[in-house]
Amino acid sequence: MPDVTLTTLQGLKQRGEKIAMLTGYDATFAQTACQAGVEVLLVGDSLGMVLQGHDSTLPTSVADMAYHTACVKRGNRGALVVTDLPFMAYATLEQALESSAALMRAGAHMVKLEGGAWLGETVTRLAENGIPACVHLGLTPQSVNLFGGYKVQGRDEGRARQLRADAEALERAGAAMLLLECVPSPLAEQITQAAGVPVIGIGAGAATDGQVLVMHDLLGLSLSGRTPKFVKNFMAGQESIQAAFAAYVRAVKQGEFPAAEHGFSA
Ligand code: KIV
Ligand code: NA
């Protein structure tokens, strides 16, 4: 059992204390993040891009995710470990259960999947089997080909209404946590206020219950040379990676990150 549990995160939400989440893919960085105060480690399928060098997350497999989860588990010092179900690993209920079992056996405490209200049954079945699920809404990178690029989601009222309904339906289905990526800050605020479960944001403004960043982005490393608007380089002015991680945690806790400039308007 990690020191940080779902109960811890619920308590943080209720007290209005921000949750600091960061991606982690190996033992040393996981330990360093824990020592800097990171509460939730995300073994993200972003590893397909930042570690493996692919131009999207689509090639990442369950075996890749399980391998990196096992690495993170060995360096983890009390954080809650959340692992992404990769592309097409939860297209059917059976696949979702089988893929999630592999990730949980590797050391995840929660799985994350991308989608909307149609995942309700999957989320319920996972919960019935003891597997907490976080649903990633908004810009879901596994659907980049459907979106025609990495675009802000929910700027028009139709899509905003859909995202609010998705969040509500998924919570009712038993989702343990929600994650909003690249949605207008006012919409993220509405969804967070309506939600009884913790809502984590990336490119979703400062009103969510917590923040997440890809570790490489936080450290100012970029393979593509492009830096998304929601990223801040926390390595600037720091002498160690642990200090950069700690600066991120502090900025999240104090509500200094994200600033308005890191968010998207409606
Ligand atoms: O894969 C990942 O790192 C993610 C975060 C960007 C939320 O899903
Ligand atoms: Na991901």
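Keep in mind that this is a model prediction, so the values were computed, not measured. Just so you know, these numbers use all the heavy atoms, side chains as well, and skip hydrogens, waters and symmetry mates. Both ligands and their constituent atoms are indexed starting at 1 by order of listing.
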Residue and atom, protein N/O/S, under 3.0 Å of the Na ion (ligand 2): D45 OD1, D84 OD2

Ignoring hydrogens and geometry beyond distance, is a side-chain donor-acceptor pair present between T227 and S222 at under 3.5 Å? no

Roughly how far, to the nearest 0.5 Å, is the CG atom of L180 from the CG atom of L139? 11.5 Å

For ligand 1, find each of its N or O atoms that sits under 3.5 Å from a protein N or O atom, and tabulate the pairs with distances to one decimal place.
from: ligand 1; atom 1: 1 (O); to: D45; atom 2: N; distance (Å): 3.2
from: ligand 1; atom 1: 1 (O); to: D45; atom 2: OD1; distance (Å): 3.1
from: ligand 1; atom 1: 1 (O); to: S46; atom 2: N; distance (Å): 2.9
from: ligand 1; atom 1: 1 (O); to: S46; atom 2: OG; distance (Å): 3.2
from: ligand 1; atom 1: 1 (O); to: D84; atom 2: OD2; distance (Å): 3.1
from: ligand 1; atom 1: 3 (O); to: S46; atom 2: OG; distance (Å): 2.6
from: ligand 1; atom 1: 8 (O); to: K112; atom 2: NZ; distance (Å): 2.8

Under a 3.5 Å distance rule, please check whether Y90 uses its side chain to pair with a backbone N or O of E114 as donor and acceptor. yes

Test item: L170 and L137 side chains (from C-beta on) under 4.5 Å apart, heavy atoms: yes

Short question: side chain of K18, backbone of T208 - any donor-acceptor pair under 3.5 Å? yes

Has E181 got a side-chain atom pairing as donor or acceptor with Q153's backbone, closer than 3.5 angstrom? no

Within the 4.5 Å heavy-atom criterion, are L41 and N76 side-chain neighbours or not? yes

Value rounded to 0.5 Å, distance of CZ in R250 from CZ in F257: 14.5 Å

Under the 3.5 angstrom rule, does the side chain of K13 hit a backbone N or O of T192 as a donor-acceptor pair? yes

